[in-house]
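Read through the structure below, which is laid out as structure tokens, and then see the notes.
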Amino acid sequence: MNPLQELLDVDAPGTELTAEGLVRIGRARVRRRRNAIAGVATALVLVVTIGAAALAGVRSPVPDDRPAHPGRTPSAPAPSCRAEVLPVPGNGETLAPVVDPTGHWAAARLADGPGVAVWHDSELVAVRRDIAVTALAGIAANGTVALDGASQGAMIITTEFDQIMTRPTGLAGDVRSEGSAVNAARDVAGTATFDGGRRAVLWPFRDPGRPVLLATPAQHGSVALALGADGTAGGYVTDNKTVFQPYLWRPDSTAVALRLPGGDTNGSVDAIVGRWAVDFGNGVRWPLDGAADPEPQRFDRGPGRVGAIAADGTVAGGNGTSPYLAGPRGAVRLPALEGFGYYTVGGLSEDARVVAGMAMPHGGPGGGTPLRWICGE
């Protein structure tokens with residue numbers, strides 16, 4: 001029996017949100033969606049997991065006799081990295097891609113209509129246009145994509161089975177759910193929203209019809225934003241007013257509130273990479289392979305806003321016009337594409353070898369040219 005089942009009977013927390021609280025929730029939502037446009041708030045936002053093998057029947061490769069994007073060639077690259085455009089069907093556009101921990105798989109929402117594209121290295125291996133995708137939760141090292149669909153219902157689509165994922169039980173009223181992260185085991189972490197309250201949820205791949213509500217203090221809400229390879233989930237717990245406490249849920253069903261360095265009052269676990277839990281906004285990380293109450297550590301956030309982090313602390317990000325990679329060996333500006341002046345970073349492999357992103361001629365919402373930067377060759 002799952003040791004957290006007793007939590008299903010916990011009363012839903014209230015919603016006495018303040019302006020500061022709403023700002024904090026919005027910040028976490030923006031980080032989690034990794035620069036994707038937020039899903040429609042009134043839609044039923046649910047989780048769909050797509051196995052790349054199941055998508056093989058809808059392959060849409062770009063013919064070899066023409067370039068994927070005529071006239072869009074990388075300019076002179078920086079010494080340690082090179083830019084590589086990812087092919088898109090019909091020379092279309094996507095939103096910023098996410099990348100798996102190995103750097104070999106990437107996925108992005110299509111910008112010209114509903115759907116998602118999946119790449120393995122530089123090859124477009126699948127396109128799925130029959131799903132109204134509202135946000136990507138991530139992509140696993142086996143090519144499984146987790147995403148939020150607007151109307152299909154919560155599903156897992158793989159070569160093994162095709163199963164509807166039920167909403168978390170024990171919650172009264174209209175329940176919506178959204179995915180935030182997926183790991184190599186194809187488990188999905190996310191959040192259920194119900195009658196104004198929020199609870200962190202884990203959908204086990206082997207039993208997605210029994211989502212688990214993660215331990216949350218009474219009269220508090222919780223949000224899951226990250227999921228590690230061993231099943232450790234991360235996010236935050238909130239009093240729905242002013243307190244946002246970084247939080248970890250371990251595979252042994254224990255939970256721990258993480259301490260922040262002096263001066264920081266609110267935070268969240270935005271990513272779990274290698275042996276680290278990471279708070280992008282505060283520039284803090286916690287080691288996961290040591291004490292039960294890990295010591296917070298500051299990390300160098302580089303010259304701009306952090307978009308992703310590698311296992312050794314290398315970060316990728318930018319300010320829109322200057323994408324960068326910054327780590328223990330210093331910072332480098334990622335090479336640009338001719339004719340493009342604005343960039344969004346969508347993800348970074350655990351070894352900092354591959355950065356996924358999107359290039360646009362000018363700033364603003366909408367899609368662009370998906371690309372990846374290959375570094376350290």
Side-chain angles (χ1 to χ4, degrees), residues 23 26-27 29-41 60 62 66-99 106-119 122 124 127 129 132-136 147-148 280-281 301-309 315-326 331-348 354-375:
V23 168
R27 170 187 157 197
R29 197 180 275 266
V30 169
R31 283 196 305 270
R32 193 216 31 105
R33 291 180 182 274
R34 299 188 180 105
N35 303 299
I37 299 174
V40 178
S60 300
V62 175
R66 62 178 175 85
H69 293 275
R72 300 181 182 182
T73 57
S75 60
S80 58
C81 301
R82 62 179 175 85
E84 180 179 82
V85 171
L86 294 173
V88 181
N91 291 328
E93 295 183 335
T94 72
L95 299 183
V98 295
V99 67
R109 293 171 56 190
L110 300 178
D112 61 352
V116 61
V118 180
W119 298 271
S122 59
L124 179 67
V127 175
R129 290 188 176 274
V133 183
T134 58
L136 287 182
L147 52 87
D148 292 338
F280 290 143
R301 287 184 281 182
R305 184 172 56 187
V306 175
I309 191 168
V315 295
N319 59 8
T321 59
S322 300
Y324 71 91
L325 192 69
V332 60
R333 180 171 177 174
L334 296 171
L337 300 179
E338 292 181 358
F340 294 84
Y342 290 82
Y343 299 85
T344 298
V345 170
L348 176 65
V354 177
V355 185
M358 176 180 71
M360 300 162 285
H362 50 77
T369 298
L371 73 153
R372 61 180 194 156
W373 289 276
I374 312 299
C375 302

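Summarising the geometry of C81 relative to L334, their closest heavy-atom pair is SG-CD2, 3.8 Å, with the distance given to 0.1 Å. Scanning all heavy atoms of the two residues, the minimum distance from V116 to A107 falls at CG2-CB, 4.4 Å. Closest approach of L136 and A108 over heavy atoms only: CD1-CA, 3.6 Å. When every heavy atom of W119 is checked against every heavy atom of P87, the shortest pair comes out as NE1-O, 2.7 Å. When every heavy atom of A96 is checked against every heavy atom of G346, the shortest pair comes out as CB-CA, 4.3 Å. Here the closest heavy-atom approach between residue G307 and residue F280 is recorded as O-CE1, 4.1 Å.
With sequence neighbours excluded, the residues that form a side-chain contact (heavy atoms from CB on, under 4.5 Å) with A316 are L325, V345, L348, V355. Remark: V315 engages F299, V306, I309, Y324, A326 in a side-chain contact (heavy atoms from CB on, under 4.5 Å) (not counting sequence neighbours). Taking the side-chain hydrogen bond (donor to acceptor under 3.5 Å, both in side chains) definition, one finds that T321 meets it with N319, sequence neighbours left out.
Annotation: the span from L337 atom CG to E84 atom CD amounts to 11.0 Å, rounded to 0.5 Å. The structure places CD of E93 at 13.5 Å from CZ of R109, a figure rounded to the nearest 0.5 Å. The CE atom of M360 sits 10.0 Å away from the CZ atom of F340 when rounded to the nearest 0.5 Å. The structure places OG1 of T94 at 8.0 Å from CG of L86, a figure rounded to the nearest 0.5 Å.
The shortest distance between side-chain heavy atoms of V127 and L110 falls below 4.5 Å. V354 has its side chain within reach of I374: a pair of non-hydrogen atoms, C-beta onward, lies under 4.5 Å apart.
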